Amino acid sequence: MELLDTLNKEQRDAVTHIDGPLLILAGAGSGKTRVITYRIAYMVQEKNISPKEILAITFTNKAAGEMRERLEGLVGYRSKYMACGTFHSIFARILRKHLDPNFAIIDSDDQEKLVKQAMKDVNAPTDKIKPSMAKSMISNAKNHMVEPNQFCMSFGRDFISQHVEKIYARYNEILKANNAMDFDDILVNTVKLFEQRHDVLEFYQEQYKYIMVDEYQDTNMPQYRAVMLLASRYRNICVVGDDDQSIYAFRGANVQLILDFEKDFPDCCVVKLEENYRSTGNILKAANSIIANNSHRTSKALRTSGGDGDKIILMNADSGIGEARYVVDTINMLVKKGKCKYSDIAILYRVNAMSRNIDKALHNSGIPFRVYGGMRFFDRKEIKDVLAYLRLINDDGDNLAFERIINVPRRGIGDTTLEKIRLIGTQEGMSLFEVARNCDMYPDLSRSASKLAEFTELILRMREMLLSDTMNFAEFVDYVENESGIIEECIEERTKKGEIVDRVENLKELLSEAADFEKAHRTEAPEETSSEEGGDAAADLFDIGSADTTDGILKLYLDNAALYTEGDNFDDNDDFVRLMTVHSAKGLEFKAVFLIGVEEGIFPGYRSIASEADLEEERRLMYVAVTRAKRYLFIVVAQQRMLYGQTQCNKPSRFVSEIDKDLLYAMGLSRAQPAASQIDASRMSANTAISETLADKYKKSSVFRANAAKKENKVGLRADQIKKGMKVVHDRFGEGVVLSVEPTGGDALVSVDFDGMRKNLLANSAGLKPLGL
DNA sequence: GTGAACACTATTTTT
DNA sequence: TAGTGTTCAC
């Protein structure tokens, strides 16, 4: 096979190892994507494996799309038969097929709203617990597959947990009442489905005899369990990842899972891809020396056969303004000398707020640029409002949609009326829309009856228009935008406030999205639906189907809208400089990278310096940042900068001092000693008071105390120290015997018998102590 | 029910 | 700084 000739030995090993478990540790820039796609091509072409038996799982839609595209180039039409998609999209389709075809998927924004609602319902102390905090605790519980009634048992019985337990239970009730799932539910419910329905699990085990998971270091518990279940029959599982690039622990990703893969499959084959084809020697050495400071990782080191290249430039700017000026000047120089195009250049930062100065400076200089990240397209208010209209038109039982738009645009229906409608709805077992539709029947609603009637008639009129099938999908969305008054409101807002973000533009963009979607999924001739029994399962899981009516297109669109978060196109070829956070730069590469704000308190962030684990994640983030650069790397620190409306004065990041001095060329202020704190003492002490305010605040916060308390509690046994049959003591439950230990990546679910009472506990947080101590 | 004035707070965010 | 949430007078 000639494909193999272009690969190095390790890559070839990975590509040709098809049967049995395989772990590919793919360092940054080691040709990972090529290995994955070639491997699939090898399976299909050389091993005659049917593409229908291959399941490839990624984390983003973009990655899935790219994989499919590259595969099409390699194996042609056969790539179409392969199931390739994100965890969420694949699992959602499985759930729709076997559990409920109609559940709604809510995004994290709606999730927070429902948590807020739940907090109200259970009278949670809103001054002590913030909705966002409750939300992340609930999400964390789901990520550990802990049910509401096990919450305190698993995470402790402190004040906050006791309330969150109730909030969690109520939140799940609300979801159920709305037939909705959040992102975590999609994963958890899939695991449950596999565990409870053996026939279903068996079906998919047989269907997908070959499984691949990309970015395995980013998997969380439910994802891991689902994959293990699927792979347990044929054991042809290949996971690809890099523990050094795990930067999503804060979202539930568990590095331990990739570190433990060899324990899960003792007979697995491990291939390390350490040859880097991306960066110069100096950049790689810097990356290696930074990441070497992490203790919790598999040992590997990137190497290159290329030359050292230029030194890394460390610029010490006087201020945030100076930093921006330096970046602008250097970009101009690079482009003028013909070393780079604008599109070769990226400016990376730890926090979005850091883009401000640079944004301004680039704007004034006339350098073309684009800022990525921040508010995503489908998260924008006006877009979500239009989608809510579409949802309500499609299904008037969608209470969440109703609540969102009942007063958008303003039509004089406020909280009081809505509360009354809710009450009647619960009493009569009717949807909010139905109550509004029949508002004449309820004296409580008499005051706003005319307004409610107007609204429900608007929705019904729109539905009639939809069903008449006289408009194509984009036309219909346009009609809804206009008829609802959303466009009008946005135009008014724009003229009134001169808004920076152009909402009207976004609404237009939605129309072109709609048109694209329709083009891809409209069939002219009426056809039988693809979800018929015995349909092609492989195709089912990635092909969202098609329809021949506008109504049908709308349904497909809504089914997928929550999981489809494209809108920002990273891969357009226009010539501009890219600005983004280090997180969003993962997986990308640039000829020249400016890494700005590499200062203590920012990178690593002030909230990360308290714990070793958080600090290691920051360091991995730094590693990711450095390895984005192919040829030129500029690290910029400022002695003083304005952030969050306050002037702060930070020391250069410890990560800078972890780079061998020989690799750096320091310039700007205090060029002699780059990483050390060269700032004169008086100025330092005068300014630290200011710069430490956020950090101080954080140290006083309940979150910090909770974290600290948790660390204190670690006096108990760790997951790996607990064994079946062991006698243990629990603070509340007393003495018990360990019945079983189920490892769950870094932690373990331990079942303990406390004198006849059986409890499931999370090992690391339960604080179990060996008996006799 | 609305909107203006005020208070608060601020990593990262694949789905 | 800036964006969002809350409060209160109309």
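This one's a predicted model, so the numbers in the text were calculated from it and none came from an experiment. Within every chain, numbering begins at 1; the chains are lettered A, B, ... in the order of the sequence lines, protein sequences first and strands thereafter.
Nearest nucleotide to the side chain of A/H583, out of B/dT12, B/dT15, B/dT11: B/dT12. Distances from the side chain of A/K116 to the nucleotides C/dT6, B/dT12, B/dT15 place C/dT6 closest. Across B/dT11, B/dT12, B/dT15, the shortest atom-to-atom separation from the side chain of A/Y644 is found for B/dT11.
Classified by its glycosidic torsion, B/dT11 falls in the syn category, the angle being within 90° of 0.
Atom-to-atom, CG of A/D559 to P of B/dT15 comes out at 18 Å; the value is rounded to the nearest Å. Put simply, CZ on A/R607 is 12 Å from P on B/dT9, counting in whole angstrom units. Atom OH of A/Y248 and atom P of B/dT12 are 11 Å apart (whole Å). Here the P atom of nucleotide B/dG3 and the CG atom of A/D415 are 14 Å apart, to the nearest Å. Straight-line distance from the NZ atom of A/K420 to the C1' atom of B/dG1: 12 Å, rounded to whole Å. Atom-to-atom, NZ of A/K113 to P of C/dT4 comes out at 12 Å; the value is rounded to the nearest Å. Taking atom OH of A/Y623 as the reference point, atom P of B/dT12 lies 24 Å away to the nearest angstrom. Atoms CE (A/M133) and P (B/dC8) sit 19 Å apart, rounded to a whole Å.
A/Y204 and A/H98 have perpendicular rings, their planes meeting at more than 60° on a 0 to 90° scale where under 30° would count as parallel.
A sub-4.0 Å separation between OP1 or OP2 of B/dG1 and a side-chain N or O of A/T417 is present. A sub-4.0 Å separation between OP1 or OP2 of B/dT13 and a side-chain N or O of A/N352 is present. Side-chain nitrogen and oxygen atoms of A/Y606 include at least one within less than 4.0 Å of the OP1 or OP2 phosphate oxygen of B/dT11. Within the structure, a side-chain polar atom (N or O) of A/T581 is placed less than 4.0 Å from OP1 or OP2 of B/dT13. Side-chain N/O atoms of A/N407 include none lying less than 4.0 angstrom from OP1 or OP2 on B/dG1. In this model, the phosphate group of B/dT13 is approached by a side-chain N or O of A/S584 to a distance below 4.0 Å at OP1 or OP2. Between C/dA2 and A/R356, a contact under 4.0 Å exists linking OP1 or OP2 to a side-chain N or O. Contact annotation: A/R411 does not reach the phosphate of B/dG1 (side-chain N/O to OP1 or OP2, under 4.0 Å).
At a cut-off of 3.5 Å, with distance as the only test, no side-chain donor of A/S139 or A/S136 sits close to an acceptor on the other residue.
Across all strands, A/K130 comes closer than 4.0 Å only to sugar-phosphate atoms, never to a base (heavy-atom distances). Among the protein residues, A/G414 comes within range of the sugar-phosphate backbone only, with heavy atoms under 4.0 Å from sugar or phosphate atoms but none that close to a base. Nucleic acid contact class of A/F87 (heavy atoms, under 4.0 Å, all strands): none. Among the atoms of the strands shown, none is found under 4.0 Å from any heavy atom of A/E617. The residue A/G605 sits apart from the nucleic acid: no heavy atom pair falls under 4.0 Å.
Looking at A/R620, A/Q245, A/E616, A/H296 one by one, the single match for side-chain contact (heavy atoms from CB on, under 4.5 Å) with A/V255 turns out to be A/R620.
No hydrogens or angles were tested; on distance alone, nothing pairs the side chain of A/R251 with the base of B/dT12 as donor and acceptor under 3.5 Å.
The nearest heavy atom of DNA chain B to A/L621 and to A/A562 marks one nucleotide each, and the one closer to the 5' end goes with A/L621. Nearer the 5' end of DNA chain B, as judged by each residue's closest nucleotide, is the contact made by A/T416, out of A/T416 and A/A253.
Of the possible donor and acceptor atoms, none in the side chain of A/S584 sits under 3.5 Å from a partner among the backbone N and O of A/M580. A distance-only check finds a donor-acceptor pair linking the side chain of A/S653 to the backbone of A/F603 [under 3.5 Å].
Between A/F250 and B/dT13, no base-stacking contact is recorded for ring centres under 5.5 Å apart and planes less than 30° from parallel.
For the pair A/R578 and A/F590, the cation-pi criterion (under 6.0 Å, within 45° of the ring axis) is not fulfilled.
Salt bridge present: A/K32 and A/E215 bring a charged side-chain N and a carboxylate O closer than 4.0 Å.
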